[in-house]
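Single-structure report; data block below.
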Amino acid sequence: MNDQQRVLDFVMEAGEVLLKNGAEVSRTQQTMEIMAKSLGVDSFHGYVLTNGLFASMGADYGQPAQIRSVPASEVHLGRVEAVNDLSRRIAQGKLGLEQACQELEQIKNMAYAPKVQQILAGGLGSACFALLFGGAWQDGVIALLVGMGLQVFLQWMNRWGLNKLITKFLGAAFVALATMLLNLTGIGVQPDKSIIGALMYLVPGMAMMLSVRDLIMADFLSGTIRLLDALLTALCIACGVGLVLGLVNLIPGVML
């Protein structure tokens, strides 16, 4: 394998790590170009979409080129920060290709936060959002419990490898159902605040933010794709909650 092919493989791998873990399109493309140039490639052409990478080492026939599909996955911003740091050190001449490849493998294997920590963080965040939106402390308690339950539910759902939109729909339905059941104990004051607080984990805030950033940077195709993803996700969340609340309203004697 020649040096250009090895550099291309490395740069594409780094771009895939960035794109999978929440980096914006323009930053991913810029980082790939900086890495390639810093590793001695004079002519590098890259094009990045929200779910794909395209790159070649030149316009001449026979030059290395590569296309990669980048499926959606869980975001890990720690990996994005680590690749950015790796890129800076490569640009400063502190790392060669061999060392960079070894470090990139370590970055790819960076673990997510422990599941227990995710559960506790999800519950605490849900409680804080319920209070932030005007709920009483009782609503915060319910949101805390529902938020923790949602994390457990999503971790269980991930084992089945379901489509993201289906997972969001079922997660939203779980939040509404669990909140209504807990409110039957008489603890809650405003169940809508508890539902909103727990739903915030499912809201596609990052996709919406990245879509706006991509559109501002004139990456109209990527921005539109992310915007559609955010809108479809929001629609699935609304349908999940609406379905449960609609069914609850059909129960005699129950008023929402």
Side-chain angles (χ1 to χ4, degrees), residues 6-41 44 46-55 66 68-122 124-125 128-129 151 154-155 158 164 200-219 222-223 225-227 229-230 233:
R6 292 181 64 202
V7 171
L8 179 60
D9 289 340
F10 168 75
V11 170
M12 292 291 282
E13 198 73 32
E16 183 175 350
V17 173
L18 287 172
L19 204 56
K20 271 186 176 180
N21 291 282
E24 60 269 30
V25 167
S26 58
R27 179 65 60 84
T28 300
Q29 183 167 331
Q30 183 184 44
T31 301
M32 291 172 64
E33 291 171 352
I34 291 172
M35 284 182 167
K37 183 177 180 180
S38 300
L39 291 171
V41 176
F44 176 82
Y47 182 62
V48 180
L49 290 174
T50 54
N51 55 355
L53 299 170
F54 308 81
Q66 203 170 125
R68 288 198 184 190
S69 173
V70 183
S73 64
E74 289 189 55
V75 171
H76 192 317
L77 294 179
R79 294 177 182 174
V80 175
E81 191 278 331
V83 173
N84 287 334
D85 178 68
L86 178 64
S87 174
R88 286 190 289 269
R89 285 186 288 131
I90 292 174
Q92 293 168 1
K94 296 180 179 180
L95 288 178
L97 180 58
E98 292 295 336
Q99 292 174 299
C101 288
Q102 294 174 5
E103 289 204 20
L104 184 60
E105 283 300 316
Q106 295 175 1
I107 292 170
K108 288 168 58 180
N109 294 322
M110 286 177 63
Y112 290 94
K115 291 185 177 180
V116 174
Q117 186 175 332
Q118 293 181 35
I119 293 171
L120 293 175
L124 182 60
C128 291
F129 275 115
Q151 292 298 316
L154 292 177
Q155 290 175 10
N158 286 337
K164 182 183 73 171
M200 289 304 295
Y201 179 81
L202 299 174
V203 172
M206 178 171 287
M208 184 64 73
M209 181 272 293
L210 290 176
S211 71
V212 174
R213 183 181 177 89
D214 288 341
L215 291 172
I216 292 175
M217 297 297 293
D219 291 318
S222 296
I225 292 172
R226 289 192 193 273
L227 182 60
D229 175 57
T233 301

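Residues: numbered from 1 along the sequence shown.
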Quick note, salt bridge (Lys or Arg N to Asp or Glu O under 4.0 Å) partners involving residues 28-41, not counting sequence neighbours, are none

Nearest heavy-atom contact between G15 and L53 is C-CD1, 3.7 Å

Sorted by chain and residue number, the side chain to side chain contact (heavy atoms under 4.5 Å, CB included) partners of L154 (sequence neighbours excluded) come out as L150, T167, Y201, L202

Those residues at least two apart in sequence (or on a different chain) that pass salt bridge (Lys or Arg N to Asp or Glu O under 4.0 Å) with K94 are none

In a table with atom names and distances, give each donor-acceptor pair under 3.5 Å that connects a side chain of residues 80-87 to protein atoms at least two apart or in another chain.
unit_1 : atom_1 : unit_2 : atom_2 : d
N84    : ND2    : V80    : O      : 3.3
D85    : OD2    : R89    : NE     : 3.1
D85    : OD2    : R89    : NH2    : 3.4

Sorted by chain and residue number, the side chain to side chain donor-acceptor pair (under 3.5 Å) partners of R79 (sequence neighbours excluded) come out as none

When every non-hydrogen atom of S211 is compared with those of R226, the smallest separation belongs to CB-CB, 3.6 Å

- Would you say I107 and M110 make side-chain contact, with heavy atoms under 4.5 Å? yes

Determine, step by step, whether V11 and F44 satisfy the side chain to side chain contact (heavy atoms under 4.5 Å, CB included) criterion, reporting the C-alpha distance in whole Å, the side-chain angles of both residues, the deciding distance to 0.1 Å, and the verdict.
CA-CA 10 Å; V11 170; F44 176 82; 3.8 Å; yes

When rounded to the nearest 0.5 Å, the distance separating OG1 of T50 from CG of L227 is 11.5 Å

Has Q151 got a side-chain atom pairing as donor or acceptor with L120's backbone, closer than 3.5 angstrom?
no

Sequence neighbours excluded, the answer for side chain to side chain contact (heavy atoms under 4.5 Å, CB included) partners of C101 is F10, L97

Residues S222 and D214: closest non-hydrogen pair is CB-OD2, 3.9 Å

In short, salt bridge (Lys or Arg N to Asp or Glu O under 4.0 Å) pairs touching residues 202-212 with sequence neighbours left out are none

Applying salt bridge (Lys or Arg N to Asp or Glu O under 4.0 Å) to D229 and not counting sequence neighbours gives K164

Contacts satisfying ring-ring contact (aromatic ring centres under 6.0 Å, His included) that involve residues 79-110 (not counting sequence neighbours) are none

For D219 and S26, the nearest pair of non-hydrogen atoms, with its separation, is OD2-CB, 3.8 Å

Please check if atom CZ in F129 has more than 12 non-hydrogen atoms from other residues, nucleotides or ligands closer than 6.0 Å.
no

Rounded to the nearest 0.5 Å, the CG atom of N109 sits from the CG atom of L104 at a distance of 9.5 Å

Run Q155 and I119 through side chain to side chain contact (heavy atoms under 4.5 Å, CB included) and show every step you take. CA-CA 9 Å; Q155 290 175 10; I119 293 171; 3.8 Å; yes

Value for CE (M208) from CG (L210), rounded to nearest 0.5 Å, stands at 11.0 Å

For residues 13-22, the side chain to side chain donor-acceptor pair (under 3.5 Å) pairs (sequence neighbours left out) are E13-R68, E13-K108, E16-K20, E16-R68

Contacts of Y112 meeting ring pair (Phe, Tyr, Trp, His ring centres under 6.0 Å) (sequence neighbours excluded), chain-then-number -> H76

For G22 and M206, the nearest pair of non-hydrogen atoms, with its separation, is CA-SD, 4.1 Å

For E24, the side chain to side chain donor-acceptor pair (under 3.5 Å) test, sequence neighbours excluded, returns R213

In this structure, CG of L8 is separated from CE of M32 (nearest 0.5 Å) by 7.5 Å

For A230 and P204 the tightest heavy-atom approach is O-CG, 3.4 Å

